[in-house]
Amino acid sequence: MPELPEVEVTRRSFADRIAGARVTDVFMGKPLRWGLGCASTDLVGRRVVGVQRRGKYLLIELDTGLLLVHLGMSGSLSFTHQLPQRGVHDHFELHTDQGALRLHDPRRFGAVVYAQNARDAMAQKLLGHLGMEPLGEEFDLKVFQAGLKRRQAPIKQVLLAGQLVVGVGNIYASEALFLAHIRPTRRAARLTRVQVQGLHGAIREVLGLAVRKGGSTLRDFSSADGEAGHFQVDAMVYGRAGLPCRVCGTPIKLIKQGQRASYFCPKCQPA
DNA sequence: ATTCTCACCTGCGGGC
DNA sequence: TGCCCGCAGGTGAGAA
């Protein structure tokens with residue numbers, strides 16, 4: 001489900017409310033993608049310092065150590081004083097004296113992983129290879145351009161890989177490439193300087209707009225306070241196969257790239 | 001190093 | 001109505 005905007009919207013929806021909380025209990029349901037990496041009882045008594053984000057990971061900083069939370073394809077968090085009755089897809093709960101955080105994740109591609117610090121082995125495995133944050137000042141055009149020059153793979157797949165820039169998933173990759181008038185099959189190294197500049201801006205624009213819209217709710221995403229997102233109604237190409245392009249009216253095309261759907265306008269995004 | 005394919009898991013919608 | 005298939009917001013592992 002979640003790309004950078006959904007993760008960031010989730011973070012903002014509970015970071016302030018959980019900050020300073022003392023962990024009172026931990027619930028673990030069915031196994032997630034990775035194990036917690038410590039005894040759940042070890043977390044009891046620790047204090048939540050704050051919640052940061054790196055790419056599509058939430059980093060829940062504790063007074064000692066941190067929890068890396070990934071929402072996978074179908075995960076969502078909720079944070080409330082009184083959680084509703086636990087369902088079969090609720091697989092992790094962090095109870096605190098300021099409310100309880102619950103991970104709901106039917107497909108269980110998500111994970112909650114404990115790390116002693118950002119340099120520990122597990123944290124490095126998950127975070128070590130991640131690229132630039134697209135919404136920060138560190139998203140440097142020159143670095144982006146140099147990185148793309150080294151890749152022969154299609155630009156869509158280079159974006160999804162997250163080694164150059166993080167947070168762009170399947171929805172926003174198609175959307176950003178549309179805004180930049182670049183066909184998703186274009187080899188990354190063959191983008192012109194002007195195209196790279198346009199893509200750089202388009203990524204920031206589309207992700208920023210999506211955050212302001214509360215993310216995309218395709219199926220059942222909601223933030224930790226239960227709000228659905230609204231970006232999906234603004235999508236120019238994602239999920240619009242066969243429908244007329246919102247700019248030129250040409251039917252939107254759907255292709256497969258690496259087992260993932262890519263959408264583009266054959267006229268607005270020339271080969 | 002880069003690129004490609006597969007795997008993980010559950011639910012849903014379409015076609016028969 | 002029921003069954004089978006393909007599809008879904010991600011990404012590490014392993015192979016070429």
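Per chain, numbering begins at 1; letters A, B, ... match sequence-line order.
In this entry the distance linking CZ of R240(A) with P of dA8(C) reads 17 Å, nearest Å. Summarising the geometry, the separation between NE2 on H70(A) and P on dC9(B) is reported as 17 Å, rounded to the nearest angstrom. If you take CZ of R187(A) and P of dC4(B), they are 6 Å apart, rounded to a whole angstrom. Nucleotide dT10(B) holds its P atom 15 Å from the CZ atom of R33(A), rounded to whole Å. To the nearest angstrom, C1' of dA1(B) lies 12 Å from CD of Q152(A). Residue L160(A) contributes atom CG, which lies 10 Å from atom C1' of dT11(C) at whole-angstrom precision. In this structure, CD of Q157(A) is placed 11 Å from C1' of dT5(B), rounded to the nearest angstrom. Counting to the nearest Å, the P atom of dG9(C) and the NE2 atom of H104(A) are 17 Å from each other.
Using a 4.0 Å heavy-atom distance criterion, R108(A) is classed as a sugar-phosphate-only contact. Among the protein residues, Y57(A) comes within range of the sugar-phosphate backbone only, with heavy atoms under 4.0 Å from sugar or phosphate atoms but none that close to a base. Residue contacts for G258(A): at a heavy-atom cut-off of 4.0 Å it reaches no nucleic acid atom on any strand shown. If you check every strand for non-hydrogen atoms under 4.0 Å, R150(A) touches sugar and phosphate atoms only. Using a 4.0 Å heavy-atom distance criterion, A261(A) is classed as a sugar-phosphate-only contact. Within the nucleic acid shown, R260(A) comes within 4.0 Å of at least one base atom, counting heavy atoms only.
Separation of atoms NE2 (H104(A)) and CG (D220(A)) is listed at 5.5 Å; rounding is to 0.5 Å.
One finds no side-chain N or O of R219(A) lying less than 4.0 angstrom from the OP1 or OP2 phosphate oxygen of dT10(B). The side chain of H89(A) places no N or O atom within less than 4.0 Å of a non-bridging phosphate oxygen (OP1 or OP2) of dT10(B). The shortest distance between the side-chain N/O atoms of K30(A) and the OP1/OP2 oxygens of dC9(B) is not below 4.0 Å. For the OP1/OP2 pair of dC9(B) and a distance below 4.0 Å, the side-chain nitrogens and oxygens of H91(A) include no atom meeting the criterion. Listed pair K56(A) / dG12(C) fails the phosphate criterion, with no side-chain N or O lying under 4.0 Å from OP1 or OP2. The shortest distance between the side-chain N/O atoms of Q259(A) and the OP1/OP2 oxygens of dC6(B) is below 4.0 Å. Listed pair Y238(A) / dA8(C) fails the phosphate criterion, with no side-chain N or O lying under 4.0 Å from OP1 or OP2. Put simply, K125(A) has a side-chain N or O that comes within less than 4.0 Å of OP1 or OP2 on dA13(C).
Look at the P atom in both dC9(B) and dC3(C): the space between them is 23 Å, to the nearest Å. Taking atom P in both dC7(C) and dT5(B), one finds a spacing of 15 Å when rounded to whole Å.
The number of heavy atoms from other shown groups lying within 6.0 Å of CZ (R22(A)) is above 12.
A salt bridge does not link R46(A) with D63(A): every distance from a Lys NZ or Arg NE/NH1/NH2 to an Asp or Glu carboxylate oxygen is 4.0 Å or more. Between R54(A) and E133(A) there is a salt bridge, with a side-chain nitrogen of the basic residue lying less than 4.0 Å from a carboxylate oxygen of the acidic one.
A donor atom on one side chain and an acceptor atom on the other are found under 3.5 Å apart for S216(A) and Y172(A). With hydrogens and angles left out, the side-chain atoms of S262(A) and Q257(A) include a donor and acceptor closer than 3.5 Å. Side-chain N/O atoms of T24(A) and D97(A) include no donor and acceptor closer than 3.5 Å.
Applying the Watson-Crick and G-U wobble criteria (two distances, each under 3.5 Å), dG9(C) pairs with nothing in any strand.
Looking at which nucleotide of DNA chain B each of V158(A) and F109(A) is closest to, the 5′-most match is held by V158(A).
For R107(A) and dC9(B), a side-chain-to-base donor-acceptor distance below 3.5 Å is present, hydrogens and geometry of angles not being considered.
Among dA8(C), dG12(C), dG9(C), the nucleotide with an atom closest to any side-chain atom of K256(A) is dA8(C).
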